[in-house]
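All remarks here apply to the structure that follows.
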Amino acid sequence: MECIVHFDVVHKDEVKHLRGLLFLDQGKTPTEADYLQMFDEMGYKLRLEDWEHLVFKPTEAGADYSEIRVRRLDTGEKMYKEDGELKTLLTHLLPQEPKPL
């Protein structure tokens, strides 16, 4: 299946909103290697900085951008975007160990 990756390239004075394309098996989500290969084919040499928020940093010292952030994935069926803020909030509000009723 085709998966459109919506991402932001953060430059010093602006943020560019771009898209990339991944081909995945049905029902699968992209791996780190999938993202890195897609970005490499687009000319971005990156390393994964933060898997939870899908933030990538350039590996080349002279890069004219500071990071790339994946905003959302579009598979044409349903949108997938992990809400990091909601996840953090739930982690802090829900008890770590269930208590008996």
Only residue of Leu22, Leu21, Leu24 satisfying side-chain contact (heavy atoms from CB on, under 4.5 Å) with Glu2 is Leu21
With Thr31 via side-chain hydrogen bond (donor to acceptor under 3.5 Å, both in side chains) - residues at least two apart: Asp34
Ring centres under 6.0 angstrom apart (Phe56, Phe7): no
Which heavy atom of Pro58 sits nearest a heavy atom of Ser66, and at what distance? CD-O, 3.3 Å
Do Tyr65 and Leu46 make a side-chain contact, defined as non-hydrogen atoms from C-beta onward lying under 4.5 Å apart? yes
Derivation of the side chain to side chain contact (heavy atoms under 4.5 Å, CB included) call for His6 and Val70: CA-CA 6 Å; His6 298 261; Val70 174; over 6 Å; no
Under 4.5 Å between side-chain heavy atoms, counting indirect links through other Ile/Leu/Val/Met/Phe/Trp/Tyr residues: same cluster for Val5 and Val15 or not? no
What about Trp51 and Leu73, same hydrophobic cluster or not, with Ile/Leu/Val/Met/Phe/Trp/Tyr joined at side-chain heavy-atom distances under 4.5 Å? yes
Single-linkage hydrophobic cluster Leu18~Leu48, side-chain heavy atoms < 4.5 angstrom: yes
Check for me, please, whether Phe23 and Met38 land in the same ILVMFWY cluster - side-chain distances under 4.5 Å, paths through other members count. no
What residues form a side-chain hydrogen bond (donor to acceptor under 3.5 Å, both in side chains) with Lys28, not counting sequence neighbours? none
Out of curiosity, does Met42 fall in the hydrophobic cluster containing Val55 (side-chain heavy atoms, cut-off under 4.5 Å, transitive links)? no
Would you say that Ile68 contacts Tyr35 through its side chain, given a criterion of any heavy-atom pair below 4.5 Å between the two side chains? no
Keeping to residues at least two apart or across chains, list the side chain to side chain donor-acceptor pair (under 3.5 Å) pairs with something in residues 10-24. Asp8-His17
Quick check for you: to the nearest 0.5 Å, what is the distance between Arg47 atom CZ and Lys57 atom NZ? 7.5 Å
